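None of these values were measured; they are calculated from a predicted model. Proteins come first, then strands; the chains are lettered A, B, ... in the order of their sequence lines, and each starts at number 1.
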2 protein chains.
Amino acid sequence: MFVNRVRESWGKRVAESQEKEQPRRRQARGERRIAQLLEAAASVFCTTGYTAASTNAIAREAGVSPGTLYQFFPNKEAIAIELGDRLMHEMRDTFGEALAPVDPATPLEEAVGAAVDRFIAFNCDHPVFFALMHGPDIPGHIAEEHDALHATLLARIEGLLSSLLPDSPPADLTRTAHMCLGLYKAGLELVLGHEGAERDAYVQELKHVLIRYLEPLVGDRLGRVEGSGAGATAAR
Amino acid sequence: MFVNRVRESWGKRVAESQEKEQPRRRQARGERRIAQLLEAAASVFCTTGYTAASTNAIAREAGVSPGTLYQFFPNKEAIAIELGDRLMHEMRDTFGEALAPVDPATPLEEAVGAAVDRFIAFNCDHPVFFALMHGPDIPGHIAEEHDALHATLLARIEGLLSSLLPDSPPADLTRTAHMCLGLYKAGLELVLGHEGAERDAYVQELKHVLIRYLEPLVGDRLGRVEGSGAGATAAR
DNA sequence: CCAGAATGCGAGCGACCGCTCGTGTTTGTC
DNA sequence: GACAAACACGAGCGGTCGCTCGCATTCTGG
């Protein structure tokens, strides 16, 4: 919602204590244009990626002129940031806090399966999410917002895991969370790359991977290691 | 080694039956320049990615002029292609056929562990490989060579798997190979993103993931499913 | 030794990109 | 209806990028 902020602080440094950004009253038409532009940007980012997407192409897709686009966004990066922001909020709204608390009594397969299904469904509904997440081919410093997205997801996963693995060292927990997110992203790429039955099969495989990966760790919680003595169960 | 081919068929369509490309005799100096340029390209691709890497930057890094670069490569894509080609060959030379045959008697952990160690070591030695593999932010059709790389790796993995899972339907086998490669790429990203002990820990986690993922499938080979009745053991 | 091929240079062409700016139109307010 | 602010336009500016071209230099076969 901070679509317009940078603009006025460009030509000249604003008076020092002028931190109060006057909210630049928007009309309904403006809000509509913003939504229109974000939708167009999502479409273009999806098909060409962030860097290859031209602002002119986004404006064209939205049916407006380049100048109009820059009435609402100070630069190209802001479009991606606002888009990411709205996706974050939509994710929060969609999932609610339904993912945070996990009853330790829930079977692992059920917990993982439900989480994966939700995430996959969300990513299928909003393919931009994947595009922004996976290939922003960072021109140097867009990482600022990309990292925010990433960190939020990681925190969420870590929250999930901490209820599954309450007595795991924080370092291990963070590492496990990174692994889970990485595995999920890998699976997601394969899932989105296929259709119909094959897609479902990949979803199943992804669940399989995560369950199998987490099973022995959760097993530790019960004081029992059931594996066949494979390499160090708690790495490092 | 097909560095020069496109050049002559540009201005005018070459005489129809002139498919015989005259090999454009190279002097030792030229070969040296090519190696120099590829090394520079590797460095630049590594730090900026493919699309963001400018041919002028590559030439500068190699200490030559842009014109000189285009004496040896018809366009930017050809640089990436030749680089990928040489990496492919180097991989073949490094690994030999040592990865192809897997004694079914070898413990799964050992086989996976060895394969992962080799691949990781190779990727650490040649970081460009990851850069070309993971984020070529395809400007449309570089996929031609990118897919060749991908397909070669997949075939290699499928070969490995087929000796582990001889009686698996081909479709399942292909899917499993895709999963393994995806999981490996995800793990590799995390491995390369850390240093020292933490890196080793991620390597261990990656092995853990792959072993755990493949274990029940290999178990099927013995006619026994040892899992806790998790979602379909043979997916789809 | 010399003709011609291979190599090397670097200014610069054309295309595109992110973004601006002067100008005109719509909208809300009194 | 008048006036200002918000909105919309689109030519075009400054810059970069992939790549070219004319010309100089170095190598090599005869």
Side-chain angles (χ1 to χ4, degrees), chain A residues 3-4 6-12 21-37 40-41 44-45 48-81 137 139-142, chain B residues 3-12 21-37 40-41 44-45 48-81 136-137 139-142:
Chain A
V3 173
N4 52 319
V6 187
R7 204 67 174 287
E8 16 279 327
S9 67
W10 269 4
K12 290 284 183 180
E21 63 218 36
Q22 54 218 38
R24 167 78 173 251
R25 301 179 24 225
R26 294 244 174 262
Q27 317 186 211
R29 191 175 27 150
E31 298 289 352
R32 242 180 292 128
R33 278 274 180 262
I34 290 179
Q36 208 171 119
L37 283 164
V44 176
F45 286 162
T48 67
Y50 174 76
T51 34
S54 81
T55 54
N56 292 19
I58 295 174
R60 202 180 319 118
E61 173 85 14
V64 304
S65 83
T68 299
L69 186 152
Y70 283 92
Q71 196 102 42
F72 302 101
F73 299 95
N75 53 52
K76 183 178 166 184
E77 184 181 348
I79 303 177
I81 292 183
D137 38 87
H141 47 286
I142 205 164
Chain B
V3 173
N4 51 320
R5 192 185 307 170
V6 187
R7 204 70 175 283
E8 9 278 320
S9 66
W10 269 4
K12 289 285 184 182
E21 63 217 39
Q22 53 218 36
R24 167 79 173 248
R25 299 179 24 225
R26 295 243 174 261
Q27 317 189 303
R29 191 171 29 143
E31 298 288 352
R32 240 180 296 128
R33 277 275 178 262
I34 291 180
Q36 208 171 120
L37 283 165
V44 177
F45 285 162
T48 67
Y50 173 76
T51 34
S54 80
T55 55
N56 291 18
I58 294 174
R60 202 181 320 120
E61 173 86 13
V64 303
S65 83
T68 299
L69 186 153
Y70 282 92
Q71 195 98 43
F72 302 100
F73 299 95
N75 53 52
K76 183 178 166 185
E77 184 180 348
I79 304 177
I81 291 183
D137 38 85
H141 47 285
I142 206 167

Length of the line joining B:Phe73:CZ and D:dC17:P, which is rounded to integer Å: 19 Å

Charged tip of B:Lys76 within 45° of B:Tyr70 ring normal and under 6.0 Å: no

Audit row: B:Arg26, B:Ile34, side-chain contact (heavy atoms from CB on, under 4.5 Å) steps and yes/no: CA-CA 10 Å; B:Arg26 295 243 174 261; B:Ile34 291 180; 3.7 Å; yes

Upstream residue (5' side of DNA chain D) when B:Arg29 and B:Lys76 are each assigned their closest nucleotide: B:Lys76

Residues that A:Ser65 engages under side chain to side chain donor-acceptor pair (under 3.5 Å), provided they are two or more places apart: A:Thr68

Out of C:dC19, C:dG28, D:dG18, whichever nucleotide has its closest atom nearest the side chain of B:Thr55: D:dG18

A:Arg26 side-chain proximity, nearest of C:dC17, D:dC7, C:dG28: D:dC7

Candidates C:dG8, D:dG18, D:dA6 - which lies nearest the side chain of A:Arg25: D:dA6

Working for side-chain contact (heavy atoms from CB on, under 4.5 Å), residues A:Ile79 and A:Leu37: CA-CA 9 Å; A:Ile79 303 177; A:Leu37 283 164; over 6 Å; no

Interatomic distance, B:Ile58 CD1 vs D:dG18 P [rounded to whole Å]: 8 Å

Closest listed nucleotide, where the reference is the side chain of B:Gln71 and the choices are D:dG10, C:dC9, C:dG8: C:dG8

Distance, rounded to the nearest Å, where B:Arg60 contributes CZ and C:dC9 contributes P: 14 Å

Whole angstrom value for the distance that separates C1' of C:dA6 from CD of B:Gln27: 5 Å

Given D:dC19, D:dA8, C:dC9, the nucleotide with the shortest approach to the side chain of A:Phe72: D:dA8

Nearest heavy atoms of B:Tyr50 and B:Ala80, plus distance in Å: CE1-CB, 3.6 Å

Distance, rounded to the nearest Å, where B:Phe45 contributes CZ and D:dG18 contributes P: 9 Å

Rounded interatomic separation in angstrom, taking CZ from A:Arg32 and P from C:dT27: 9 Å

Minimum-distance nucleotide (side-chain atoms of A:Asn56 versus D:dC17, D:dT28, C:dC19): C:dC19

Sugar-phosphate, base or nothing in reach of B:Gly67, heavy atoms under 4.0 Å: base

Sugar-phosphate only, base, or nothing, as touched by A:Ala59 at under 4.0 Å among non-hydrogen atoms: nothing

Contact nearer the 5' end of DNA chain D, comparing B:Thr68 with B:Ala28: B:Thr68

Value in whole Å for how far the P atom of D:dA8 lies from CD of A:Glu31: 12 Å

Per A:Tyr70 side chain, nearest of listed nucleotides C:dC9, C:dG18, C:dA6: C:dG18

Listed nucleotide nearest any side-chain atom of A:Pro66, set C:dG10, D:dC19, C:dC19: C:dC19

Rounded distance in Å - CG (B:Leu69) to C1' (D:dC21): 16 Å

